[in-house]
Amino acid sequence: MKITLKNLQQLPVKTQRGVMLGRIVGIDFDTDAHVIAKYHVARFPVVDELLRRTLLVDPSQVIAITSKEVTVEDALLPDATKALGINVA
């Protein structure tokens with residue numbers, strides 16, 4: 001599957017358990033290897049970007065990218081909830 005950066009930045013990011021972490025708001029691109037080095041995820045994109053409160057997701061932690069969402073490992077959950085202020089019961 002191919003996806004544009006514009007469409008990628010609109011996708012919701014969820015864990016395997018379905019916990020919504022936010023949306024992709026940016027990427028770090030490795031120009032030497034021609035690959036995405038990190039995905040930037042924010043729960044409230046405009047506010048979190050201004051406050052520099054984003055979660056950095058390594059491509060190795062991404063399980064799937066579809067046209068509807070990005071799924072990441074549940075192992076991100078403790079760091080993500082702390083960084084983004086998500087309350088998970």
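Heavy-atom basis, side chains included; hydrogens, waters and symmetry copies ignored.
Asp74 places a side-chain N or O within donor-acceptor distance of the main-chain N or O of Gln16, the cut-off being under 3.5 Å. Under a 3.5 Å cut-off, the side chain of Glu69 and the backbone N or O of Val13 do not form any donor-acceptor pair.
Rounding to the nearest 0.5 Å places CG of Leu8 at 11.5 Å from CZ of Arg23. Distance CD1/Ile24 to NE2/His40: 10.5 Å, rounded to 0.5 Å. Interatomic distance, Lys2 NZ to Thr4 OG1, rounded to the nearest 0.5 Å: 12.5 Å.
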Practice item. Apply side-chain contact (heavy atoms from CB on, under 4.5 Å) to Val62 and Tyr39, showing your working. Key: CA-CA 9 Å; Val62 175; Tyr39 296 92; 3.7 Å; yes

Would you give me the side-chain donor-acceptor pairs under 3.5 Å for residues 30-37, sequence neighbours excluded?
residue : atom : partner : partner atom : Å
Asp30   : OD1  : Asp32   : N            : 2.9
Asp30   : OD1  : Ala33   : N            : 3.0

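Under the 4.5 Å side-chain contact rule for hydrophobic residues, Phe29 and Ile65 share a cluster. Under the 4.5 Å side-chain contact rule for hydrophobic residues, Met1 and Val70 share a cluster.
Not counting sequence neighbours, the partners of Ser60 by the side chain to side chain contact (heavy atoms under 4.5 Å, CB included) test are Asp58. Take Ser67 and apply the side chain to side chain donor-acceptor pair (under 3.5 Å) test, not counting sequence neighbours, and it matches no residue.
Side-chain atoms of Ile3 and Leu11, non-hydrogen and from C-beta on, do get closer than 4.5 Å to each other.
Considering every non-hydrogen atom in both Gly26 and Gln9, the closest pair reads CA-NE2, 3.5 Å.
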